[in-house]
Amino acid sequence: MEQREPYWGMEAVCDVRGCDLEKVKDAGLIAKFAKELVVRLDMEAYGEPQVVRFGVGDKQGLTLVQLITTSNIIAHFNDVDGSCYLNVFSCKHFTPDVVEKCIRDFFAPEAVFTEFLIRNAHRS
């Protein structure tokens with residue numbers, strides 16, 4: 001019988017404060033960030049990153065969707081206050097430190113707060 005991982009996947013949930021405002025408004029830079037994050041995580045992109053502007057009032061900004069063969073990378077960048085809300089979900093093992101370092105390298109935030117979740121619907 002095939003040995004299964006003790007979990008389905010893992011998810012890094014990052015709340016990012018005080019990014020450089022010009023950087024979070026740059027769709028091209030956000031697309032480059034997605035491509036670089038995929039490389040640093042040793043994952044495989046499924047298509048190109050989608051970067052679309054939407055939201056209302058003080059919640060508007062660019063949203064990133066990057067499908068990966070093991071799940072997805074999703075982020076919303078707020079161009080009013082420079083915050084970012086990013087999730088990386090994958091059934092392939094990764095460490096949240098890689099995600100945080102990539103965020104810091106691209107967006108120069110004041111702070112990154114990360115929760116790392118093990119996802120498993122088959123808990124006993």
Side-chain angles (χ1 to χ4, degrees):
M1 181 171 205
E2 181 181 334
Q3 179 70 27
R4 290 186 65 187
E5 292 287 346
Y7 56 84
W8 174 257
M10 41 191 54
E11 185 169 12
V13 179
C14 303
D15 293 344
V16 185
R17 180 178 67 219
C19 295
D20 180 305
L21 279 175
E22 293 308 310
K23 292 179 178 183
V24 300
K25 294 177 183 179
D26 185 338
L29 180 71
I30 291 171
K32 286 179 187 175
F33 163 75
K35 290 178 179 187
E36 179 64 22
L37 183 55
V38 168
V39 169
R40 291 187 192 190
L41 290 171
D42 190 31
M43 297 196 179
E44 183 180 338
Y46 185 82
E48 292 296 311
Q50 304 282 322
V51 181
V52 180
R53 173 172 298 287
F54 60 99
V56 294
D58 65 351
K59 306 280 193 255
Q60 60 189 304
L62 293 168
T63 293
L64 161 70
V65 176
Q66 173 64 69
L67 299 178
I68 54 178
T69 57
T70 53
S71 204
N72 62 63
I73 299 167
I74 308 289
H76 182 72
F77 297 85
N78 184 309
D79 62 14
V80 174
D81 69 5
S83 60
C84 168
Y85 302 90
L86 179 133
N87 293 60
V88 176
F89 177 67
S90 178
C91 56
K92 179 180 179 182
H93 179 79
F94 70 96
T95 58
D97 296 347
V98 173
V99 178
E100 285 188 14
K101 173 108 173 67
C102 197
I103 292 167
R104 291 181 192 286
D105 290 348
F106 272 79
F107 302 106
E110 293 171 12
V112 180
F113 305 98
T114 301
E115 293 186 49
F116 193 61
L117 308 171
I118 299 300
R119 306 301 301 268
N120 185 7
H122 300 284
R123 299 174 200 203
S124 43

Ionic contact status for Lys32 with Glu36, cut-off 4.0 Å: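 Not counted as a salt bridge, because no side-chain N and carboxylate O are separated by less than 4.0 Å.
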
In the structure I gave you, are the side-chain heavy atoms of [X] and [Y] within less than 4.5 Å of one another anywhere?
| X | Y | result |
| --- | --- | --- |
| Phe94 | Met43 | yes |
| Pro49 | Ile30 | no |
| Asp105 | Phe33 | no |

Nearest-0.5 Å distance that lies between atom OG1 in Thr114 and atom CD1 in Ile103: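 Rounded to the nearest 0.5 Å, the OG1-CD1 separation comes to 6.0 Å.
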
Straight-line distance of Met10 CE to Arg119 CZ, nearest 0.5 Å: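 Spacing of CE (Met10) from CZ (Arg119) equals 12.0 Å.
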
Nearest atoms (heavy-atom pairs only) where [X] meets [Y]:
| X | Y | answer |
| --- | --- | --- |
| Thr95 | His93 | CG2-NE2, 4.1 Å |
| Asn72 | Ile68 | N-CG1, 3.4 Å |
| Leu62 | Ala27 | CD1-N, 3.6 Å |
| Glu100 | Val112 | CG-CG1, 3.8 Å |
| Val24 | Gly82 | CG2-CA, 4.3 Å |

Residues forming a side chain to side chain contact (heavy atoms under 4.5 Å, CB included) with Val39, sequence neighbours excluded: none

Counterpart residues, side-chain hydrogen bond (donor to acceptor under 3.5 Å, both in side chains), relative to Gln60 (two or more places apart): none

For Lys35, all residues meeting side-chain hydrogen bond (donor to acceptor under 3.5 Å, both in side chains), sequence neighbours excluded: Glu48

Contact list for residues 49-69, test salt bridge (Lys or Arg N to Asp or Glu O under 4.0 Å), sequence neighbours left out: Arg53-Asp79

Salt bridge (Lys or Arg N to Asp or Glu O under 4.0 Å) pairs, two or more places apart, involving residues 106-117: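 Sorted result for residues 106-117: Arg17-Glu110.
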
Group every Ile, Leu, Val, Met, Phe, Trp and Tyr by side-chain heavy-atom contacts under 4.5 Å, then state whether [X] and [Y] land in the same group.
| X | Y | result |
| --- | --- | --- |
| Leu29 | Leu21 | yes |
| Val99 | Phe116 | yes |
| Ile74 | Leu41 | no |

Aromatic ring pairing Phe107/Phe77, orientation class (parallel under 30°, perpendicular over 60°, tilted between): tilted

Only pairs under 3.5 Å count here: list side-chain donor-acceptor contacts from residues 84-92, not counting sequence neighbours, and write none if there are none.
from: Asn87; atom 1: ND2; to: Glu11; atom 2: OE2; distance (Å): 2.9
from: Ser90; atom 1: OG; to: Thr70; atom 2: OG1; distance (Å): 2.8
from: Ser90; atom 1: OG; to: Lys92; atom 2: N; distance (Å): 2.9
from: Ser90; atom 1: OG; to: Lys92; atom 2: O; distance (Å): 3.2
from: Lys92; atom 1: NZ; to: Asp42; atom 2: O; distance (Å): 2.3
from: Lys92; atom 1: NZ; to: Asp42; atom 2: OD2; distance (Å): 3.4

Check: Glu44 side chain, Val38 main-chain N or O, donor-acceptor pair, under 3.5 Å: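 No: the side chain of Glu44 does not pair with the backbone of Val38.
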
